[in-house]
Amino acid sequence: MGQSSSKKPTQDTTVTAGSTPSEFPTTPHGTLMYGELSRACTVTFGNLDADLHKHLLDETAAFTCAEGRMVELGFAKCVDYPSLPDHVYYEGYFHSSRDSRPVESLNPRNGRPFNKPPAPKALRAMYIAFREKNKAILSEMARKILELPQATLLPRECHLEEQYETQEVDPRKIIADMFSPEGSAGEILCGDLAIQVHCGTGVDYDHLAWHRDSINSMFHFATSIRGKRDLYSSLSHHPENSKLQIFVERNETPNINITSPVFFKHAVSFPEQSWEDRTIDIQARFLLTSELLNNLARVSNEVKTHVSHIVAEALFK
């Protein structure tokens, strides 16, 4: 479930663009686009309110601390670019629920269950407010998912049969509940926060780690807290893979973007920078348990494609 892969990808012959990164067009804002398998996506861009951005910086120690404090604040050093040993990357995993206690869920990097600690209060408040403010939109998305053509889950893998209940659940309901702002599941959306910190040697175009996110990124809210990065995406204006091309968006503080990166390939570059000038981003995804993840793995590609259109059209509006 890691958000990127350290393995350098093979050349994708369906991706075409200019000969240098500077020639790539800017990612279309708020436009209905398509990734692989004709799955729809819209990348919506915006900015944090200046007062909110300052409040988050002031109230979150990890955003302003010395590097030596990162481990005690719940972060671990990661390696996504083994050919760049002087690139520094820390990642910390937190939840954004109202509950200030740890919540059992999955590590978004390795998929293992653990007790995820709460994010600092100011961060949790931002995502709680986001879900509350967009309750009508989320409810409408959940309703449309429930109205999709009837479907059944794919068979469960044999070694998982005894671990989970055998009662069958409608895949439409599984996904609709993830989007619904009501009930106990109402804090799943943007409930999983991965805070990522990058500095040291830069990551240029030749070292990009192209990937698609896991299913927990059907709805993905990314926030630039400090510094800058370039987000490359392989997208098309048409639902045919042969027309995929590379777009780039220059992200810097306090940019935000919302999209569904499980449905299209993307990669991120970073400039060379000191700890003082480091890049800090928050990736807010669905908060998953092992059982929910295993059920999602049994959802057909057809249902996922339908869901991609519902999410993309909601963001397009």
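Any value given below was found using the heavy atoms of this structure, including those in side chains, with hydrogens, waters and symmetry copies removed.
- In terms of heavy atoms, P28 sits closest to F45 at O-CE1, 4.4 Å.
- A 6.0 Å sphere centred on CD of E302 holds no more than 12 heavy atoms belonging to other residues, nucleotides or ligands.
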Stepwise salt bridge (charged side-chain N to carboxylate O under 4.0 Å, His left out) check, E140 with R143: CA-CA 5 Å; E140 178 69 3; R143 182 188 66 77; 2.5 Å; yes

Test log, rule side-chain contact (heavy atoms from CB on, under 4.5 Å), inputs Y232 and K265: CA-CA 9 Å; Y232 295 85; K265 285 184 179 178; over 6 Å; no

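- Defined by atom type and a distance below 3.5 Å, a donor-acceptor pair is missing between the side-chain atoms of T26 and R250.
- Side chains of V268 and D230 form no contact here, defined as non-hydrogen atoms less than 4.5 Å apart.
- Under the 3.5 Å distance criterion, the side-chain polar atoms of S308 are matched with a main-chain donor or acceptor of A40.
- To the nearest 0.5 angstrom, S300 atom OG is 8.0 Å from K304 atom NZ.
- Side-chain atoms of I225 and L56, non-hydrogen and from C-beta on, do get closer than 4.5 Å to each other.
- For S260 against V311, the heavy-atom pair with the smallest separation is OG-CG1, 3.4 Å.
- Checking D213 against H211 by side-chain atom types alone, a donor-acceptor pair falls below 3.5 Å.
- Summarising the geometry of S233 relative to F264, their closest heavy-atom pair is OG-CE1, 3.5 Å, with the distance given to 0.1 Å.
- Between F219 and F130, the ring planes are tilted. Angles from 30° to 60° get that label.
- In this structure, D192 and L288 have side chains that are not in contact, with every pair of non-hydrogen atoms separated by 4.5 Å or more.
- Taking CZ of R229 as the start and OG1 of T253 as the end, the distance is 10.5 Å to the nearest 0.5 Å.
- More than 12 heavy atoms of other shown residues, nucleotides or ligands fall within 6.0 angstrom of atom CD in E72.
- Taking every heavy atom of both residues into account, G186 and R131 meet most closely at O-CD, 3.5 Å.
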Verdict with supporting geometry, H29 and E249, side-chain hydrogen bond (donor to acceptor under 3.5 Å, both in side chains): CA-CA 9 Å; H29 292 197; E249 180 68 25; 2.9 Å; yes

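- Nearest heavy-atom pair, R172 versus P149, reported as atom, atom and distance to 0.1 Å: CD-O, 3.5 Å.
- Taking the side chain as every heavy atom from C-beta outward, P181 and E132 never approach each other to under 4.5 Å.
- When every heavy atom of M70 is checked against every heavy atom of A62, the shortest pair comes out as SD-O, 4.2 Å.
- Results of the side-chain contact (heavy atoms from CB on, under 4.5 Å) test with I195 over T223, L123, D281, L73 single out L123 as the only residue that passes.
- Side-chain contact check for L57 versus K54: every heavy-atom pair is 4.5 Å or farther apart.
- When hydrophobic clusters are built by joining Ile, Leu, Val, Met, Phe, Trp and Tyr residues whose side-chain heavy atoms come closer than 4.5 Å, directly or via intermediates, L189 is not grouped with V43.
- Once rounded to the nearest 0.5 Å, the distance linking CD of E91 with CD of Q196 reads 4.5 Å.
- Looking at S105, its side chain never comes within 3.5 Å of a backbone N or O of T289 through a donor-acceptor pair.
- In this structure the side chain of L287 reaches within 4.5 angstrom of the side chain of V103, judged on heavy atoms.
- Of the inter-residue distances, the one linking R278 atom CZ with F63 atom CZ reads 10.0 Å to the nearest 0.5 angstrom.
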Test salt bridge (charged side-chain N to carboxylate O under 4.0 Å, His left out) applied to E59 and K121, step by step: CA-CA 8 Å; E59 298 297 324; K121 189 175 181 179; over 6 Å; no

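- S180 contributes a side-chain N or O that, together with a main-chain N or O of E182, makes up a donor-acceptor pair within less than 3.5 Å.
- Side-chain atoms of S269 and D204 form no donor-acceptor pair, as typed in the model, at a separation below 3.5 Å.
- In this structure, the side chain of R124 engages the main chain of R98 through a donor-acceptor pair within 3.5 Å.
- In this structure, F75 CZ and C65 SG are separated by 7.5 Å, a value rounded to the nearest 0.5 Å.
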H220 and V262: CA distance, side-chain angles, deciding distance, side-chain contact (heavy atoms from CB on, under 4.5 Å) verdict: CA-CA 9 Å; H220 184 125; V262 63; over 6 Å; no

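- A continuous path of hydrophobic side-chain contacts links I215 to I174 [ILVMFWY only; heavy atoms under 4.5 Å].
- With a 4.5 Å cut-off on side-chain heavy atoms, S236 and M33 do not count as touching.
- Under the 4.5 Å side-chain contact rule for hydrophobic residues, V169 and I175 share a cluster.
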Criterion side-chain hydrogen bond (donor to acceptor under 3.5 Å, both in side chains) on R101 and N115, from CA distance to verdict: CA-CA 9 Å; R101 297 168 297 181; N115 286 323; over 6 Å; no

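- Ring geometry for Y81 versus H87: interplanar angle over 60°, hence perpendicular rather than tilted (30 to 60°).
- Inter-residue side-chain proximity for L193 and H95 is flagged as unmet; no heavy-atom pair is nearer than 4.5 Å.
- Salt bridge absent: K116 and E104 never bring a charged side-chain N and a carboxylate O closer than 4.0 Å.
- With hydrophobic clusters built from ILVMFWY side chains whose heavy atoms lie under 4.5 angstrom apart, I128 does not share a cluster with I137.
- Between Y127 and F94, the ring center distance fails the sub-6.0 Å criterion.
- In this pair, Y89 and H198 present their aromatic rings parallel. The plane angle is below 30°, not in the 30 to 60° band.
- Under a 4.0 Å N-O distance rule, the pair R212/E36 qualifies as a salt bridge.
- Note: the hydrophobic cluster containing I256 also contains I280 (ILVMFWY, side chain heavy atoms under 4.5 Å, direct or indirect links).
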side-chain contact (heavy atoms from CB on, under 4.5 Å) between E67 and V88, intermediate numbers included: CA-CA 10 Å; E67 184 179 357; V88 178; 3.9 Å; yes

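- Here the straight-line distance linking atom SG of C190 with atom CE of M126 works out to 8.5 Å at 0.5 Å rounding.
- The aromatic rings of Y34 and H309 sit tilted, their planes meeting at an angle between 30° and 60°.
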side-chain contact (heavy atoms from CB on, under 4.5 Å) between T42 and T44, intermediate numbers included: CA-CA 6 Å; T42 300; T44 299; 4.0 Å; yes

